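Notes for the one structure printed next.
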Amino acid sequence: MTIIATLLQVIPYYFDIQVLKDMAGTATNAVLLIVACATFVGVISVLMVHAKRVQRRTEGWYFSGLIIVFVAIMVLTGLPFAEFGLGNKNSIFNWIFTNIQTPLGGTMYSILAFFITSAAVRAFKARNIEAAIVLVSGTLMVMGNAPIFTNTVPVLVDISLWIRNIPNMATMRGVMIGAALGAVALAVRTLMGIERGYLRGGEE
Amino acid sequence: MVDMIAAWTAVFFTLGIYSILYRENPWYRIAESVYLGVAVGYGVSVDLLYIRNQWSGQWSTSAGMILLFAIVMIVGLMWYGRFTKSTFYLYRWPLAIVVGTGIGLALRTVIDAQFLQQIVAQVKTPFFVAGNMGATINNILIQIMVPSVLLYFWFTGTIRESAPMKIVEKIARYTMMAGFGSAYGYTVLTRYSLFIGRSQFLLGIPPNEPSNQLAFIVIAFVMLASMIGWDFTHKKTPEA
Amino acid sequence: MAFLIQGRIFGLICLLFIMASVAYYIKRAQGGKVPKVRRIPGIDAIDESIGRAVEMGRPVFCSHGIATLRDSTAGPQTIAGLSVLNYVAKRCVAVGARIVVPVRQPEVWPIAADIVETEYKLAGKAEEYSSECVQFLSSDQFGFSSNYIGLMMREKPGANIMVGAYWAESLQLSETGSRIGAMQITGTAQTSQIPFFLVTSDYCLIGEEIFSAGAYLTNDAMLIASLAGQDVGRIFAVLLGLLGAIVFTMGNRLFLDLFAM
Amino acid sequence: MSIMDKINNLDRRIIYLLAWIFVLYPLIFPLGLPIPISSDARSWYSYVENNVNDGDTVIFSLMYGTSGMPELFPMSVATMKHILQKDVKFVVLGFWTEGPLVFNALLRQVNPADYGKVYGVDWINLGYIPGGETAMGALATSFQNSVAVDFVEGRPLSSFPIMDNIRTATDIDLIISFETGTPGAPEWLRQWNTAYGVNIIVGCIGVSVPGMIPYINSGQISALMPGLTVSAEYELLLQKPGLAVAGVDAVSTSHLLIVLLVVIGNVAFFMTKEEKK
């Protein structure tokens, strides 16, 4: 099954066969549907964990209760029945989305500013040559991005551009080519059925 | 009034997340739990809408497609076999299809974008650029660095341990440290841009809601006071 | 050439060549010829980190990234992460460490749960497996990471092993792990995230090392042999790039025409 | 414990507090630091100015959510203003769930009608298309099969005159993509550039920039707008200073903070090392 699905994607990419091309298109759409069907797997898993906590009144069970309540609200108001005023035009659904989910997402993302600072303070120390290289290139880059530095020392822009275009580009390209090789090898192993990680029978 | 509740709610959850910077605390746990609940529910609604839209799109156009749709749905339901002991292996069917498609997509695209295109770019980097010393040096550096990085990952055989490879390894490690260091430094900008965005939101700077500012001051005070007060009365320095 | 699509022929040749060399070495291994491999410190350290967690009486967190299985570049990384999970689960069950696997994708959850549960069953400890071992957190990227951070801050794992495709949450998770003093082994092929894993974790697998992690951990002859095939592809890539550039420097477009085939 | 030891083991929370101060202060009391203009901003400006011709059809794609807005929204607004000055048709679409939400926010900043553009004739909004890279590939083969109805009015695509001439990837001259992750430029390149040769320019967050450099060098991406600072420069080139210019002071101070902390950290590191000797 895995092999058929694989070939259906690969062959039409290299060979000009219209029938297969159409089949591949339909198959990809079908796969997206299959994946969408899995959506409740997550809900069930979350409920299994948190309903149990509420039931047993384990430490912090009221937080689990909070989770369940919000899952229920969002699932019910978000059902795709616009005819009954539900779905992405529902006012409760939208209110929660804009005033809770959006700020939470944005904040969570922005919290990285703090982490990147504290990690840099710890890691950017000239312990040895390699660490010193990280320190120098990292700090030059930080300076090259800030108008306060580039305005007084314009050459910083050229330096950081050079680092970006030469060592950084070389690193990314090397790692990328290597990762492509790794991915192909992994694909071969999976297709030959020897990489068991993802799909295991109960043998062993 | 309605706008105000909205502003205070948004500010509350924003600060709830930031409170983890001080330590793990109930404010964070509220924000975290609500986020989890909302996000799970939201994901479901997006997926269900997708299924419905697909059905009203191309899948309901002919009898053959409707039949296919039914088969796809049955396969989709097999995921749930996982939850009962007798049918748990059923989930492997949809999984096999999904994994196969993924590998197929990988095989057709990885080789092209991550392998060939990069080698083409390598080939287009000549060792000598007439009349441009700087570009010549840069190109030669690239021609040394990229193969070194690639060879660094060499897994098998004894060649990897040979003397010339030690030099390659050094070049590769230094290149990568410079490369990763610069990538790190560069990212600082993004992360701070995001935080600046959130700060503009908290301060109520347009296009954000001006009433955020008051909410920011009040809620930040309450959260900080409660956490620091608790630590103070319980005489324990919080763990970092 | 109407049958083969113009511009993709050379890509197909490369693909088939690499696949063939990988397959060749796998076949050769079946005949008993296994190449010697260099060690990767990060992979060797997994056992140490689990042992440390047990000593401290703390759980082990193991995550396989946040990607699906069907993304063309991130999907294989998820598979690689699951291979690592398989080994970590086996070790944890063997030494009695509590394992926690946070999952982001609904479609990946069943496999992750299956992998861990199977290891418990194989060791005859089926009753110790609970739904808390493999937790689905949220398909929202930061919903997932906020919950992961919360779990780490509360449970204070002794080891945090993350191998797979990560995006912005890489630093959120690994810096939190470092904050609570967990021993961290991380790895990803997402080039933009490697720097963060590199500076915050004890060991970091870079790029293709994650794909071979499964081979190293199982120590399966055939898996190891496939790495030799990968090395053939590596030499091929280096030669192609260098020769092509030399020819191009001399003003000949031979190689570029070849690529455009 | 000496002061230097303390600095070596600085409590993370002190760093966090400093970060708050260094960002909030310049936002409350703007410093008005000068902004030099880089080559990135110039090349983006000149690409849009010179390579987008009258009569072209452009895909305007917002591939980010509200979390990406601080960095990407200013450049999206500025580029939209730039595009609107030209006689081009544009299709708004995205493969990111929150894309339409962001676009609505963008409409509050720039209104195509002010530039004489008519919905359905000069531009159309197809909203969010789920399915990631797979859907991206499908869209390239047929707009009509991938998207049933438009996002604004919910009417079939055939009812809009603009869609008469837009059927497959070959009808598109340029993709402008603003993005925070996957799907993003690599997917666009694979499905649209490699496969159909459609040009693409990308606005991305700083973290994605190093990953984009190989594509820029190989010429697959025609222009790159990396992050907030360059957006501010672009706003100045366009002579429409906006959101990015306002935030750049805080960029300067926060970066200054990091450099200071790193320098102090290294001084402390070497001083304690000396002592131990």
Side-chain angles (χ1 to χ4, degrees), chain A residues 1-2 5-6 9-10 13 30-31 33-39 41-43 46 63 66-67 70-71 74-75 78 80 96 99-101 103-104 106-110 112-114 116 130 133-134 137-138 141-142 145 163-164 166-168 170-171 173-174 176-178 180 183 187 190 198-199, chain B residues 6 9-10 13-14 17 21 29 33-38 40-42 44-45 47-52 72 75-76 79 94 96-97 99-101 103-108 110 114-115 118 138 141-142 145-146 149-150 153 175-179 181-182 184-186 188-189 191-192 194-195 198:
Chain A
M1 204 64 208
T2 311
T6 304
Q9 295 302 327
V10 176
Y13 184 74
V31 166
L33 276 173
I34 291 176
V35 169
C37 283
T39 190
V41 168
V43 179
V46 164
F63 295 112
L66 206 55
I67 293 173
F70 275 91
V71 172
M74 285 304 269
V75 169
I96 294 181
N99 295 304
I100 298 182
Q101 187 167 3
L104 279 169
T107 310
M108 210 43 221
Y109 201 175
S110 73
L112 279 165
F114 299 96
I116 206 170
E130 288 185 9
I133 296 176
V134 173
S137 62
M141 218 61 186
V142 172
N145 262 338
I163 300 178
R164 234 171 77 191
I166 309 297
N168 180 57
T171 308
R173 188 176 284 168
M176 220 186 243
I177 297 175
T190 310
Y198 78 98
L199 239 195
Chain B
T9 313
F13 285 112
T14 301
I17 292 288
L21 294 171
R29 199 138 179 213
S33 304
V34 170
Y35 194 178
L36 179 58
V38 170
V40 168
Y42 182 77
V44 169
S45 88
D47 284 333
L48 290 183
L49 181 66
Y50 178 71
I51 295 175
R52 180 170 177 178
V72 168
V75 175
W79 290 112
I97 296 171
V99 169
T101 307
I103 291 177
L105 283 171
L107 283 182
R108 68 184 235 192
V110 157
Q114 295 194 348
F115 190 82
Q118 300 307 323
N138 283 345
L141 280 176
I142 291 177
M145 287 170 168
V146 175
V149 171
L150 198 50
F153 292 104
T175 305
M176 285 199 283
M177 290 307 134
S182 68
Y184 190 107
Y186 200 88
V188 169
L189 174 63
R191 302 319 187 208
Y192 268 97
L194 296 168
F195 178 48
R198 286 323 283 168

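Here the structure is a predicted model, which is why all the values come from computation and not from measurement. Worth knowing before you read on, the calculation uses all heavy atoms, side chains too, and leaves out hydrogens, waters and symmetry mates. Labels below follow one simple rule: chain letters A, B, ... track the order of the sequence lines, proteins then strands, and each chain is numbered from 1.
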Student check: side-chain heavy atoms of A/Ile34 and B/Trp79 closer than 4.5 Å
yes
Side-chain touch B/Tyr35/A/Ile100, heavy atoms, less than 4.5 angstrom
no
Chain A: which of [options] shares the most heavy-atom pairs with it under 4.5 Å?
options: B/Leu105, B/Val149, B/Thr175, B/Asp47; result: B/Asp47
options: B/Asn138, B/Leu189, B/Ile97; result: B/Asn138
options: B/Val110, B/Val44, B/Val188, B/Val75; result: B/Val44
options: B/Ala178, B/Gly76, B/Ala106; result: B/Ala178

Which atom names give the shortest non-hydrogen contact between [X] and [Y], and what distance separates them?
X: B/Leu150; Y: A/Gly174; result: CD1-O, 3.5 Å
X: A/Ala180; Y: B/Phe115; result: CB-CB, 4.1 Å
X: A/Ala36; Y: B/Ile51; result: CB-CG1, 3.8 Å
X: A/Ser137; Y: B/Ser182; result: OG-N, 3.5 Å
X: A/Thr171; Y: B/Gly179; result: OG1-CA, 3.6 Å
X: A/Ala170; Y: B/Met145; result: CB-CB, 3.5 Å

What part of [X] gets closer than 4.5 Å to chain A, counting heavy atoms only: side chain, backbone, both or neither?
X: B/Arg29; result: both
X: B/Leu21; result: side chain
X: B/Ala6; result: both

Under the rule for ring-ring contact (aromatic ring centres under 6.0 Å, His included), what residues qualify as partners of B/Phe153, not counting sequence neighbours?
none
Partners passing ring-ring contact (aromatic ring centres under 6.0 Å, His included) against B/Tyr184 (at least two apart in sequence or in another chain):
A/Phe124, C/Phe196
Side chain, backbone, both or neither of [X] within contact of chain B (heavy atoms, under 4.5 Å):
X: A/Val41; answer: both
X: A/Phe63; answer: both
X: A/Tyr109; answer: both

Euclidean distance, [Y] [atom2] relative to [X] [atom1], rounded to 0.5 Å:
X: A/Ile96; Y: B/Tyr42; atom1: CD1; atom2: OH; answer: 12.5 Å
X: B/Tyr50; Y: A/Leu33; atom1: OH; atom2: CG; answer: 5.5 Å
X: B/Met177; Y: A/Glu130; atom1: CE; atom2: CD; answer: 5.0 Å
X: A/Ile67; Y: B/Leu36; atom1: CD1; atom2: CG; answer: 4.5 Å
X: A/Thr190; Y: B/Ile103; atom1: OG1; atom2: CD1; answer: 4.0 Å

[options]: which one forms the most heavy-atom pairs within less than 4.5 Å of chain B?
options: A/Val10, A/Leu66, A/Ile166, A/Ile163; result: A/Ile166
options: A/Asn99, A/Leu104, A/Ile133, A/Val71; result: A/Leu104
options: A/Val46, A/Asn145, A/Val142, A/Val134; result: A/Asn145

For the pair B/Arg52 (side chain) and A/Pro80 (backbone), establish whether a donor and an acceptor sit closer than 3.5 Å, ignoring hydrogens and angles.
yes
